[in-house]
Structure formats: C-alpha cells, structure tokens
Amino acid sequence: MNNPYYFDNNATTAVDPTVLQAMLPYFSEHYGNASSAVHPYGWSASKACERAREKVADLLGAESSEIIFTAGSTEGIHLGLTGLYQRFEKERKTIISYETEHKAVLGTLDYLATLGAHIKLLKVDRFGLPDLQTLKDHLDTSVLCVVAALANNETGVVFPLKEIAAMAHEQGAFVFSDLTQAPGKMMLDINELGIDLACISAHKMYGPKGTGALFLRRKNPRVQLLPAMQGGGQEKGLRPGTLNVPGIVGLGAAAALAKENTWNWGAHVSRIRTWFEQQLTEDGRAYINGSTRSRLPNTSNILFEDFRAAELLKKFSFMAIATGSACSSALAEPSHVLSAMGLNKEQASASLRFSFGKDNTFEQVQDAANKAKDILQQLKENQ
Ligand SMILES: *Cc1c(COP(=O)(O)O)cnc(C)c1O
C-alpha cells in the first residue's frame, strides 16, 4: 500500500533535511558533554548549544538568557507551572486557565490542585474563543498565573493573548502561554504578546522529538521558579541532566528555519487549506469547527454531520489525519476541546482534524479532496 498523505502536522512533523544535517555531527564527531568545561569536546558541544539558544530566543523575540532547554512542551509546562506555583504558593494560589488547553496543561493543573492550588478553568464560546469579561471577573490579587495557549492544537483557534496578558498583569498575575503550535505558522513576539512564561517543542516545527524550550522572562516581571526536578546544575538548576546536544542543535536549526519561513509556509498551507475546505464543505453537510477569523493557517477541524468519525477514518485511509486530538485518539471519549465548544457527543465524534504542513503539495490535497468527496457521496447514497 502507498503511504497515506500526511495531513497530521499538528501531531508531529517530519524533520527538515537541513535540520537533520545540522544535527548529525553532534552524534559521533562533536559528542562532548556540554558541561565538560575543561576540554575541546565539551567546548564545541557547549558552543553549539549556546548558538541554538540564540536561535530559539530569536524566534520568540526573547533574550538567550531567558531560554531553558527541555525535553519538549509537556516537560516545559510541568517545570514552568510547578516551579512557579512552588515558588509563590504562600502569596498567590489561584491559577486560571481554559477548558480547551492541551492535556499537558490540564494534567499539570490537576497535579497542582493536589498540592493545594485553586484551579479555575474558564469556558470558551462555540467558536473556541474566550470571553474577556469573564476573565476580568475572575481576576484578582490571589491569581498567580493565567495559562492560555496561543493556538489550539485541535482546532487551530488563536486566542487574543495580548488582551489576556494585559488584564492578567493589571492584577499582578503572570501569563504562561503554550506556544507549541505557533512557530512557522504565525509571527511570534513574546514582548508584543506580553507573555512571561512559554513553551515550544521542536517536533511540532520540523525538528526532532524530545527537545524543546521554556521561556522565562527575566525583567518586568522577573519570573522566578523553584526547581521542579532535582539533580545537576544544568539549565540554572531548573532542568538538570546532561544536555541533549544533537536535539538542541536540531531545535535551534528548526527555530531559525521557522522564523525565516513563517510567511511562506503560512501562505502555502493557507492556500491548500482554503481549497480543501471549500471542496469538502460545499454540499452544506460539513462544517468547520472553531473560529475561521482567528485561526492558524494550516488547521482544519471539520464536522461531518451525517457520519461517525471512526467510520470516515477507515474510508479516508489514504490520508493520515486525526479524530479530535492525537493524544486521545486511542480513547473512545470525544474530544474535550470540541465538547468545551458546545458540540454534543455525536458532533464531537463526527469531527476530523486535518493539519497541513510545508511539505504537502497542492496535488496531494487536490487528489485527497476528490477522493474524499466521492466517498462522502457514496456513503450518502447508501444511507
Ligand atoms: C504537542 C503539544 C504539546 C506537547 O508537546 P510535546 O513536546 O510532545 O511534549 C503541548 N501543547 C500543545 C499545544 C501541543 O500541540
């Protein structure tokens, strides 16, 4: 069987060939430990990591001293939120977030609740967007942090982070944003957005799996954390353990590539997505989930009114796609994101996510859309 077209780029991406080339020498040639400060093997590893740190900072509009390397966004979220809570729990105990956050955030917040944190999960409207007045009503000086992803991995809906951050700061609360889905899809500037903590992950932006970064603002306000992991002194003691040098080099190369190509890639995926959505929704029985005004250019979450996603998924085996979220696709439960947007169980389980990437071609999408339309037509005739 031919490999299906890969339209699951929000779950993970292929490593870009230039990223892979940049990484290779750091496996078997420059294999030093970046903490070995007394010989050239260590120096070249450490230099490579510092260059990568600058590239990551540059992608976010941050300073390199504000970047901590992690093993990806799940770890960045855990280290950032747990470390922040443990540092400030005597002063502020409330954390506000949204029902549509990634499980990595929701799971960490559940854990912090067991440590005594007061977690408030706010609702979104049927477009997947937050109500700012509701946020304002919940904000006071007991709030330690507002946690909100910039872009949702299931629907691509983009939150008004700048407005959220301004409101949070009025009450002296920090703002943590999961930026995992944003690089290479939208321009990023953490100062413009007003974010104090943020995470990214290399494998969502054409880099390797198991590497990412946590941004911690150094001034106005200075973000202080207690270490949520104990061990060596690496990464300011906040993320101890020998640095994954090849992975970090890959993260840096991917960050530079994403920054350079955000505009091109965005225009490309937006063009193929627009076409794809037009084809699949033209009969009036399929609807786009989530705001089409405030959305990533590559993501398309479609509700197929008359069908079940599980059935469609089988018929659509020429495409690698997702039902709800990739992480929960093994579970029978409908997507928590779509449910939070007010879709009933049936609607949520009749929805599919298509997420396009820089390597998808117009021909692939055209062929896939034609096949999908034929299948939908046949299914309808058999109903
Ligand atoms: C993939 C993803 C994560 C988890 O990132 P990992 O690096 O795989 O741990 C967190 N948040 C969002 C929005 C994601 O898309």
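When a ligand or atom number is given, it counts from 1 through the structure's own listing order. Residue indices begin at 1 and follow the sequence shown.
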| message | Do N298 and N10 pair up side chain to side chain, a donor and an acceptor below 3.5 Å, judged on atom types alone? | response | yes
| task | Please list, chain by chain and in numerical order, all residues satisfying salt bridge (Lys or Arg N to Asp or Glu O under 4.0 Å) with D125, sequence neighbours excluded. | result | none
| task | Evaluate the ring-ring contact (aromatic ring centres under 6.0 Å, His included) criterion for residues F304 and Y287: first the C-alpha distance (whole Å), next the side-chain angles of each, then the deciding distance (0.1 Å), finally the verdict. | result | CA-CA 7 Å; F304 295 93; Y287 309 92; 9.8 Å; no
| message | My understanding is that only residues two or more places apart in sequence, or in another chain, count here; which of them pass side-chain contact (heavy atoms from CB on, under 4.5 Å) with D58? | response | K259
| field | Test: E235 and R53 ion pair at under 4.0 Å | value | yes
| message | Heavy-atom contacts with ligand 1 below 4.0 Å: which residues, ordered by chain and residue number? | response | G72, S73, T74, H102, N153, D178, T180, Q181, S201, H203, K204
Show me the side-chain donor-acceptor pairs of residues 136-151 shorter than 3.5 Å, one per line, residues at least two apart or across chains.
unit_1, atom_1, unit_2, atom_2, d
D137, OD1, Q133, NE2, 3.0
H138, ND1, T134, O, 2.9
D140, OD1, S142, N, 2.8
D140, OD1, S142, OG, 2.6
S142, OG, T94, OG1, 3.3

